[in-house]
Amino acid sequence: MANVTVIGTQWGDEGKGKIVDWLASRADIVVRFQGGHNAGHTLVVNDQVYKLSLLPSGLVGGKIGVIGNGVVVDPKALMSEIDRVTEQGLVVTPETLWIAETAPLILPVHGALDRARELARGNHKIGTTGRGIGPAYEDKVARRAIRICDLSEPETLDWKIDELLLHHNTLLAGLGAETFTKEEILAFLKEITPRLLPYACCAWDRLAEADRAGKRILFEGAQAVMLDVDHGTYPFVTSSNTVAAIAASGSGMSPKSVGFVLGIAKAYTTRVGEGPFPSELFDDVGKGMAERGREFGTVTGRPRRCGWFDAAMVRRAVRVGGVSGVALTKLDILDGMQEVSICVGYELDGKRIDNFPSAPGAQARVKPILETMPGWNETTGGARSWAELPAQAIKYVRRIEELIGTPVTLLSTSPEREDTILVTDPFEG
C-alpha cells in the first residue's frame, strides 16, 4: 500500500476538501504539512457542511489528524475551529489531533503587519488574506519565531518576545500603524497556552512509527502549485512551498513517504485575489461559471475570477509537483455549454510560447491560445461511472489528459463524497 499526497495544480480552490475527505475515509492518518489558516476546505458529508482551515480533513471521518511542523498556527483561529466542529459533533482531543511541537505560531502582531504592508503597497498589493501567514513564515526563516514548544519555557518566551518586537514594532511604526507591547503578547500567549500545549507532541516520531506499522498516511496540501513561493506566479503567491516534496520536510517524514501524488484540478480555472490569469473570462460565460460553481473563497468569501482550463499551467504543475495522476473536479459546471475551450499555450509579443513566463512584465502581456471543442447538453452531475457521462464530456477529459501529460485518476461530479468516478486507486499506486 502507498501513502498519498494531495496537492492543488492551479491557484487553489480546486475542490481538494471533497477529494481529501473521500481518500481520508480509506486512510488512517491525515497530515497538514504547510500553509496556515488562509487555506480553506469545504466538506459535505451526509448533508452536514464542514468548513476547515487548519484542521486536517480526516478528523471529519474520525481519523487521526496531524498539523505538521511546516504549518504556521494561529492558536486563536485553531481553537475557534475546534469549538465550531465540536458543536457539529466531531471529537477533537490530543489523542485525535497531533500538533508538531516545532510548529511556529502566528501572533496578533503578524496579522497587523500583514495588513499594514498590504495597505502600503497601494496598486501593487499582492492580495494576501491579511491573516499574518507571510510575516510568520518570515520569522521562521529569520530564526525569531515563537514555536509551540516555547510555551512551556517562560524564560525562553521572555527574550524571544523582545527580539520579535524589536523587528516588528520598527516596521509597524514606519508604516504608521499601532505597535505592540511585550505585555500584550505575553497576555495572548498566557491565554492560549493551557488549551494549545496539550496537543503538542513529537509528531514526526509518531508518524514514523505509524509508517513502520503499515498505516495509510494521507498528506493534505493547502493552496496549490501556482501559488508556490518558488514555482508559482511570483510575487502573487503564498508564503510557503506547496509542491508534494514539502510533504516530507513539513511533517518530518522521509521523502520516500510521500507516495502517490494526486494533483487536484478544476475542469475550468479560478483564482482569488491579484495576479496574472491568462485564460480569465470577463463575459457572461465567466459570470455563469462563477454562479453555477458558487465561486467564493471558503476562508475569505471573496469572489473567484473564472476562466477556461489552462492546460499549459497545469502541465507545469504536474512536472514540478511530481504529480502521478489528476483528480478532475466540477465537470458539471460546464454542462449545457455549446462550446468549451482549453488554453493550450500563450502568445507573448507575437510569438507562441508553451510555458508561462517567470518575469512579472511578461506575465502581464501574455495572451491565451485557445483550443475550442463542442460542449454537451446532457448532465454530468452525480455520475459515478464513465458510462453515465456524455460522449463529448469524455472527449474533453481525454483531451485534458493529453495536454497535461498525466492521466485523470479520479473524476468528481458533485460536492457529495460518493459522486466520484474512480479510475485508479491512489492508495494502490
Side-chain angles (χ1 to χ4, degrees), residues 6-21 35 37-44 49-53 57 125-131 221-227 232-233 236-238 242 263-311 313-314 317 326-337 339-343 368 370 375 379-382 393 396-397 400 411-417 419-420:
V6 176
I7 61 173
T9 62
Q10 295 160 315
W11 282 295
D13 307 308
E14 299 97 347
K16 289 190 295 294
K18 179 256 178 89
I19 300 298
V20 169
D21 175 57
H37 63 308
N38 55 343
H41 291 165
T42 300
L43 285 70
V44 181
V49 178
Y50 300 93
K51 293 184 180 293
L52 306 180
S53 293
S57 299
K125 63 181 180 179
I126 294 173
T128 76
T129 59
R131 297 185 173 213
Q223 289 89 38
V225 173
M226 298 319 299
L227 290 173
T233 48
F236 301 100
V237 293
T238 194
T242 60
I264 315 297
K266 273 180 185 163
Y268 51 103
T269 308
T270 61
R271 178 165 201 172
V272 171
E274 309 299 319
F277 187 170
S279 65
E280 184 173 7
L281 291 167
F282 301 94
D283 56 10
D284 290 340
V285 175
K287 292 178 182 177
M289 286 180 183
E291 291 170 2
R292 291 192 300 275
R294 298 178 182 177
E295 296 296 352
F296 296 92
T298 300
V299 169
T300 64
R302 291 183 294 181
R304 298 174 187 144
R305 302 150 63 190
C306 295
W308 295 119
F309 185 89
D310 191 333
M313 193 82 74
V314 175
V326 165
L328 196 66
T329 66
K330 303 188 86 166
L331 182 65
D332 55 303
I333 304 305
L334 303 182
D335 290 353
M337 290 190 175
E339 293 182 332
V340 289
S341 296
I342 301 173
C343 176
L370 299 177
T379 182
T380 62
Y396 178 74
V397 173
I400 285 176
L411 191 63
S412 170
T413 58
S414 94
E416 294 294 334
R417 178 192 288 179
D419 290 341
T420 306

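- Summarising the geometry, atom CZ belonging to Phe282 is positioned 8.5 Å from atom CZ belonging to Phe277; distances are rounded to the nearest 0.5 Å.
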task = Starting from the C-alpha separation in whole Å, work towards a yes-or-no answer on side chain to side chain contact (heavy atoms under 4.5 Å, CB included) for Ile19 and Ser412.
result = CA-CA 8 Å; Ile19 300 298; Ser412 170; 4.1 Å; yes

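- Taking both residues in full, the closest heavy atoms of Gly286 and Cys306 are given as O-CB, 3.8 Å, listed atom of the first, atom of the second, then distance.
- The salt bridge (charged side-chain N to carboxylate O under 4.0 Å, His left out) pairs that include a residue from residues 265-286 are Lys266-Glu295, Glu280-Arg305, where partners are two or more places apart or lie in different chains.
- Looking at heavy atoms from C-beta onward, Leu52 lies in side-chain contact with Ser57 at the 4.5 angstrom threshold.
- Ala267 pairs by the side chain to side chain contact (heavy atoms under 4.5 Å, CB included) definition with Leu328, Leu331, Leu334, Tyr396, not counting sequence neighbours.
- Atoms CD and OG1, on Gln223 and Thr238 in that order, are 4.0 Å from each other to the nearest 0.5 Å.
- Interatomic distance, CD1 of Ile264 versus OG1 of Thr329, reported as 7.5 Å (0.5 Å rounding).
- Nearest heavy-atom pair across Ile7 and Thr242 is CG2-O, 3.6 Å.
- The heavy-atom pair separating Gly232 from Val237 by the smallest distance is C-CG1, 3.7 Å.
- For the pair Ser279/Met313, no side-chain contact is recorded, criterion being any heavy-atom separation below 4.5 Å from C-beta on.
- Of all the heavy atoms in Ser414 and Asp419, the pair that sits closest is OG-OD2, 2.6 Å.
- In this view, Lys18 satisfies the salt bridge (charged side-chain N to carboxylate O under 4.0 Å, His left out) rule with no residue, not counting sequence neighbours.
- Rounded to the nearest 0.5 angstrom, Ser341 OG and Asp310 CG are separated by 12.0 Å.
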Q. Under the side chain to side chain contact (heavy atoms under 4.5 Å, CB included) criterion, do Trp308 and Val340 qualify, and how do the steps go?
A. CA-CA 8 Å; Trp308 295 119; Val340 289; 4.3 Å; yes

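- With sequence neighbours left out, Thr380 forms a side chain to side chain donor-acceptor pair (under 3.5 Å) with Asp335.
- Across every non-hydrogen atom of Gly12 and Ala224, the tightest pair is N-CB, 3.1 Å.
- Residues meeting the side chain to side chain donor-acceptor pair (under 3.5 Å) test with Gln10, sequence neighbours left out: none.
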**Asked** Step by step, would you call Trp11 with Val272 a side chain to side chain contact (heavy atoms under 4.5 Å, CB included)?
**Response** CA-CA 8 Å; Trp11 282 295; Val272 171; over 6 Å; no

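- In this structure, CZ on Arg304 lies 13.0 Å from OG1 on Thr269, to the nearest 0.5 angstrom.
- Every residue was checked against the ring-ring contact (aromatic ring centres under 6.0 Å, His included) condition with Tyr50, not counting sequence neighbours, and none meets it.
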